[in-house]
**Student:** 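So that we are looking at the same thing, I have put the structure below in structure tokens.
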Amino acid sequence: MTVRPIRELGDPVLRTPADEVRSFDKELAALVRDLEETVDHPGRAGVAAPQIGVGLRAFSYNVDGRIGHVVNPRVVELSEETQDGDEGCLSIPGIWAPTVRAMHAVVEGFDVHGEPVRLEGSGLMARALQHEVDHLDGRVFLDRLTGDARKAALRALRERA
Ligand SMILES: [Zn+2]
């Protein structure tokens, strides 16, 4: 069991676009195992590799009692319908903000063995998919906020420091 420590905002790895996975080897299997073990906690919906300090395109999710992973994920479909619930991030503890996301999302990628996978979901699953792919592009949910929600979140972040 390896539950890896979570990197927090301020760590450059969270702001660096992650590299494509090129070989589906033992190292990738170990990374995927760590991602799935690290997300296997109440209140954790997803963990992207950069959050445990690894600059590769892979994430795990834990939604509705289902734990899984995707390697080299691509968002292939987002609904026009949106949702506006509170979102948070393990890398930005204590900060929650209403974040607009597509209500429905489809992600395609590969499993740890290199077999194609397609994940789709609505609500929390769609939010988790969008949030984790953002991490792989060096983005965090605060970047998605606008207007008063953004101001309030940045103020809370300053006050927390
Ligand atoms: Zn996050």
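Atom set for the values below is all heavy atoms of this structure, side chains included, hydrogens, waters and symmetry mates excluded. Remember, it's 1-based here, ligands and their atoms both numbered in the order they're listed.
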**Student:** Check side chain to side chain contact (heavy atoms under 4.5 Å, CB included) between Asp134 and all other residues, then give those that pass, not counting sequence neighbours.
**Tutor:** Arg101, Arg139, Arg144

**Student:** Give, for atom OH of Tyr61 and atom CD of Glu36, the distance between the pair rounded to the nearest 0.5 Å.
**Tutor:** 8.0 Å

**Student:** Is there side-chain contact between Arg15 and Val140, with at least one heavy-atom pair below 4.5 Å?
**Tutor:** yes

**Student:** Could you please spell out the steps behind the side chain to side chain contact (heavy atoms under 4.5 Å, CB included) verdict for Leu9 and Ser91?
**Tutor:** CA-CA 6 Å; Leu9 197 65; Ser91 295; 5.5 Å; no

**Student:** Could you list the residues that satisfy side-chain hydrogen bond (donor to acceptor under 3.5 Å, both in side chains) with Asp111, not counting sequence neighbours?
**Tutor:** none

**Student:** Can you sort out the partners of His131 under ring-ring contact (aromatic ring centres under 6.0 Å, His included), two or more places apart, ordered by chain and number?
**Tutor:** His135

**Student:** For a distance under 2.8 Å, give residue and atom name for each protein N, O or S atom next to the Zn ion (ligand 1).
**Tutor:** Cys89 SG, His131 NE2, His135 NE2

